[in-house]
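Inspection log for the structure reproduced underneath, given as C-alpha cells.
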Amino acid sequence: MSDRLSVGDPAPDFTLPDADGNDVALSSLRGKNVIVYFYPAAMTPGCTKQACDFRDSLDSLQAHGYAVLGISPDKPAKLTKFRDRDGVTFPLLSDPDKEVLSAYGAFGEKTMYGKKVTGVIRSTFVIDPDGKIAVAQYNVKATGHVAKLRRDLGLD
C-alpha cells in the first residue's frame, strides 16, 4: 500500500500509453494545471458517468487552463472502445502494471459492498503548473464529482 499524496507534494511523473498507444508524459504538460483522475475500469456504469462528466465539462475546464487525463489499469484496446463509445475527448491512459496508480496512492485496500478488497481507489488530483499537487481527493464518488471539483477549484 503506497502512501497518499498531499497538497504541496511533487506529483510523481509518468509516461503512459493512451488509447491509440501513443505515450503521454505528465512532464509534457508542465506549465498547465492538469487534472489526473484514476478510475477502476472502462465501460462500467460509474466510470462511464465520471468520464462523461469530465467530457461534458472539458471545454470549460480547458478555458480555465486545465488539461484532463484519465488513468485506469485497462489495456489501450479497451480504452479505445470506451473513448469511441462515449465520445471521450481527453486522453485515457493505460496503467496495467498499476505503477502510476500506486505512486499516487490510488491503488490499495478499499471497502466495496462492505468487504475489504484491493483495487483502484477512485481518486482525483489537480497538479499545478510547477508539477506540485494542488488538490488530492481519494475515494471520490463517480456521480457528481466533476461538479464538486469545479466548485472546489472556484470555476462555478
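Worth saying up front: this structure is predicted, and the values here are computed from it rather than measured.
Of all heavy-atom pairs between V146 and S57, the closest is CG1-OG, 3.5 Å. Minimum interatomic distance between P96 and K75 (heavy atoms only, all atoms of both residues): CB-NZ, 3.5 Å.
A salt bridge links D20 with R83: the distance from a Lys NZ or Arg NE/NH1/NH2 to an Asp or Glu carboxylate oxygen falls below 4.0 Å.
A donor-acceptor pair under 3.5 Å is absent between the side-chain atoms of T15 and the main chain of V24, judged by distance alone. Put simply, the side chain of R55 gets close to the backbone of D86: a donor and an acceptor are under 3.5 Å apart. No donor-acceptor pair closer than 3.5 Å links the side chain of D95 to the backbone N or O of S72.
Cluster annotation: L92 and L58 are assigned to the same hydrophobic cluster (Ile/Leu/Val/Met/Phe/Trp/Tyr, side-chain heavy-atom contacts under 4.5 Å, transitive). There is a path of hydrophobic side-chain contacts, each under 4.5 Å, that joins I71 to Y138. Under a hydrophobic clustering in which Ile, Leu, Val, Met, Phe, Trp and Tyr are joined whenever their side-chain heavy atoms come within less than 4.5 Å, directly or via other members, V140 and Y37 fall into different clusters. In the hydrophobic cluster analysis, where Ile, Leu, Val, Met, Phe, Trp and Tyr join through side-chain heavy atoms closer than 4.5 angstrom, V36 is grouped apart from L153.
L79 contributes atom CG, which lies 5.0 Å from atom CG of D74 (distance to the nearest 0.5 angstrom).
Side chain to side chain, R150 and S60 meet the donor-acceptor criterion of an N or O pair below 3.5 Å.
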Can you give each donor-acceptor pair under 3.5 Å made by side-chain atoms of residues 122-135, sequence neighbours left out, with the distance rounded to 0.1 Å?
residue: R122; atom: NH1; partner: Q50; partner atom: OE1; Å: 2.6
residue: S123; atom: OG; partner: I121; partner atom: O; Å: 2.7
residue: T124; atom: OG1; partner: H145; partner atom: NE2; Å: 2.7
residue: D128; atom: OD1; partner: D130; partner atom: N; Å: 2.8
residue: D128; atom: OD1; partner: G131; partner atom: N; Å: 3.0
residue: D128; atom: OD1; partner: K132; partner atom: N; Å: 2.9

